[in-house]
Amino acid sequence: MSTGSEESPLELPGWLKTHPEMQKCGVDLCQCVKPVRYMLSRTIEPVYAVKILSFDDEDQEAAIYRRLRHEQDPRNPVLPCEVLDLEPKPVLLMPFLSHIDEVELSYGPLSGLLSVFLQVVDGVQYLHERRIAHMDVCYGNILVALKEDEPQYNGVVAGKVYLIDFHTSRQLSSGPGVQHALPLPCTQVPPPPHLKGFDPYSWDAYCLGKFLERMVENTYAQGMRPPWVLRRAIGWLVGKERGCTGACNCRPTARKAYWGLRVLQWAVWACESCGILSPYIRYRPVRRRE
């Protein structure tokens, strides 16, 4: 991001690094981790992520963070954060947590995997109850707070799943089951072929199905066939797209998905407790953040 002269996308913006408000907050930018938008602050713990926000009328990220960051509901999927109104652009300051694919799941029960996924679904449901569609639910936008994160960051809860990156999100006038299709923004999950518009809430449910699909692929050891209940859950969430231009019924709402999967989790837990299902499944080892 530049205020005059050109800067490399991976170069720390000079205006931000020396900004008085950043220095007042004790933030010392040390590394750019994503081109243009994401930087890390401080070379000692705790480390914070700093994101440059946009003034674009289509970008509602700052407004969504301001709206949700102080809601104390434990279901709230938004990270404790600060939105700093700097010139020339606002900045988001938030805890630097682990992405979900960086968390080690070396050995655990199927009910545990479902518990993690249910947190993601409930977070999306929480947004939809407030007529907010995330529009880019994917692996790269899901963070998990580890045990060691809780004492370092005020308001962060160990084991909790958080959603980030609301720059493609929409605050809508209509709720789930009423909202008509809108043009899709640029998203990390590719849409079905030949479709450029989607009911935003239904798109989030579709992305949840694709997220669970990748979660299963990344979790189960090579050669292991995931349980049929997971395969059915993925198919239920992804649905059979018919190209709806009005409110979409090709897949469940986030609310229906949450309660359907919650019942499934209870059934799986009961089977594990009774010995009908093995209480442990071998997961594929995954990398952790260094």
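Throughout, numbering of the chain's residues begins at 1 and tracks the sequence. Here the structure is a predicted model, which is why all the values come from computation and not from measurement.
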> If you draw a 6.0 Å radius around CG in Asp73, do more than 12 non-hydrogen atoms from other residues or ligands fall strictly inside?
Replying inline: yes

>> Take a 6.0 Å sphere around CZ of Arg255 and say whether it holds more than 12 heavy atoms from other residues, nucleotides or ligands.
In response: no

Would a single hydrophobic cluster contain both [Y] and [X], if residues Ile, Leu, Val, Met, Phe, Trp and Tyr are joined by side-chain heavy-atom contacts under 4.5 Å?
X: Trp259; Y: Leu114; answer: yes
X: Val189; Y: Phe117; answer: yes
X: Phe166; Y: Leu182; answer: no
X: Ile52; Y: Leu92; answer: yes
X: Ile234; Y: Trp236; answer: yes

[Y] and [X], any side-chain heavy atoms less than 4.5 Å apart:
X: Ile64; Y: Glu61; value: no
X: Leu261; Y: Val121; value: yes
X: Arg130; Y: Glu71; value: yes
X: Asp199; Y: His180; value: no
X: Leu53; Y: Val83; value: yes
X: His99; Y: Leu143; value: yes
X: Arg131; Y: Gln179; value: no
X: Pro200; Y: Arg170; value: no

Where is the tightest heavy-atom contact between [X] and [Y], given as atom of each residue plus distance?
X: Cys244; Y: Ala181; value: O-CB, 3.7 Å
X: Ala145; Y: Val157; value: CB-O, 3.2 Å
X: Leu195; Y: Glu241; value: CD1-CG, 3.1 Å
X: Val124; Y: Ala254; value: CG1-CB, 4.1 Å
X: Glu150; Y: Val156; value: CG-O, 3.2 Å
X: Pro226; Y: Val216; value: CG-CG1, 3.3 Å

> Between Ser169 and Gln60, is any side-chain donor less than 3.5 angstrom from a side-chain acceptor?
Replying inline: no

> Sequence neighbours excluded, which residues qualify as side-chain hydrogen bond (donor to acceptor under 3.5 Å, both in side chains) partners of Glu129?
Replying inline: Arg75

>> Assess the residue pair Tyr139 and Met215 against the criterion (side-chain contact (heavy atoms from CB on, under 4.5 Å)); give the C-alpha distance rounded to whole Å, side-chain angles, the decisive distance to 0.1 Å, and a yes or no.
In response: CA-CA 8 Å; Tyr139 245 61; Met215 190 177 185; 3.6 Å; yes

> Going through the distances and angles, do Ser111 and Glu272 end up as a side chain to side chain donor-acceptor pair (under 3.5 Å)?
Replying inline: CA-CA 8 Å; Ser111 58; Glu272 290 169 348; 2.7 Å; yes

>> The criterion is salt bridge (charged side-chain N to carboxylate O under 4.0 Å, His left out); which residues satisfy it with Lys210, sequence neighbours excluded?
In response: Glu213

> Can you check side-chain contact (heavy atoms from CB on, under 4.5 Å) on Leu264 and Val229, steps first, answer last?
Replying inline: CA-CA 8 Å; Leu264 173 61; Val229 291; 3.9 Å; yes

> Of all residues at least two apart in sequence or in a different chain, which pass the side chain to side chain contact (heavy atoms under 4.5 Å, CB included) check with Val161?
Replying inline: Val116, Gln119, Val120, Ile142, Val144

>> Using the side chain to side chain contact (heavy atoms under 4.5 Å, CB included) criterion, which residues pair with Pro77? Sequence neighbours excluded.
In response: Tyr126, Leu127, Leu163

Roughly how far apart are [X] [atom1] and [Y] [atom2], rounded to 0.5 Å?
X: Arg231; Y: Arg225; atom1: CZ; atom2: CZ; result: 3.5 Å
X: Lys256; Y: Leu237; atom1: NZ; atom2: CG; result: 13.0 Å
X: Arg242; Y: Thr245; atom1: CZ; atom2: OG1; result: 11.5 Å

> Quick check, are the ring centers of Tyr153 and Phe96 under 6.0 angstrom apart?
Replying inline: no

> Is the backbone of Thr168 close enough, under 3.5 Å, to the side chain of Asp136 for a donor and an acceptor to pair up by distance?
Replying inline: no

> Short question: side chain of Gln72, backbone of His70 - any donor-acceptor pair under 3.5 Å?
Replying inline: yes

>> Let's go through Ile164 and Val78 carefully: what are the C-alpha distance in whole Å and the side-chain angles of both, what is the deciding distance for side-chain contact (heavy atoms from CB on, under 4.5 Å) to 0.1 Å, and is it a yes or a no?
In response: CA-CA 7 Å; Ile164 61 169; Val78 172; over 6 Å; no

Just list the side-chain donor-acceptor pairs under 3.5 Å for residues 201-209, sequence neighbours left out, or say none.
| unit_1 | atom_1 | unit_2 | atom_2 | d |
| --- | --- | --- | --- | --- |
| Tyr201 | OH | Ser174 | O | 2.6 |
| Ser202 | OG | Arg251 | NH1 | 2.7 |
| Trp203 | NE1 | Met135 | O | 3.0 |
| Asp204 | OD1 | Met135 | N | 2.8 |
| Asp204 | OD2 | His128 | NE2 | 2.8 |
| Asp204 | OD2 | His134 | N | 2.9 |

>> One thing to verify: whether Arg262 and Asp122 come together as a salt bridge, which I'm taking to mean a side-chain N less than 4.0 angstrom from a carboxylate O.
In response: no

>> Given the ring of Tyr162, does Lys160 sit roughly above its face, with NZ or CZ under 6.0 Å from the centre of the six-membered ring and within 45° of the axis?
In response: yes

> Should Val50 and Val91 be marked as a side-chain contact (heavy atoms from CB on, under 4.5 Å) after you check the CA-CA gap, both sets of side-chain angles, and the distance that decides it?
Replying inline: CA-CA 7 Å; Val50 179; Val91 165; 3.3 Å; yes

>> Which Ile, Leu, Val, Met, Phe, Trp or Tyr residues join Trp269 in one cluster when any pair of side-chain heavy atoms under 4.5 Å counts as a link?
In response: none

>> Arg67 vs Gln171, test: side chain to side chain donor-acceptor pair (under 3.5 Å). Steps then yes/no.
In response: CA-CA 11 Å; Arg67 177 181 170 187; Gln171 300 183 85; 2.8 Å; yes

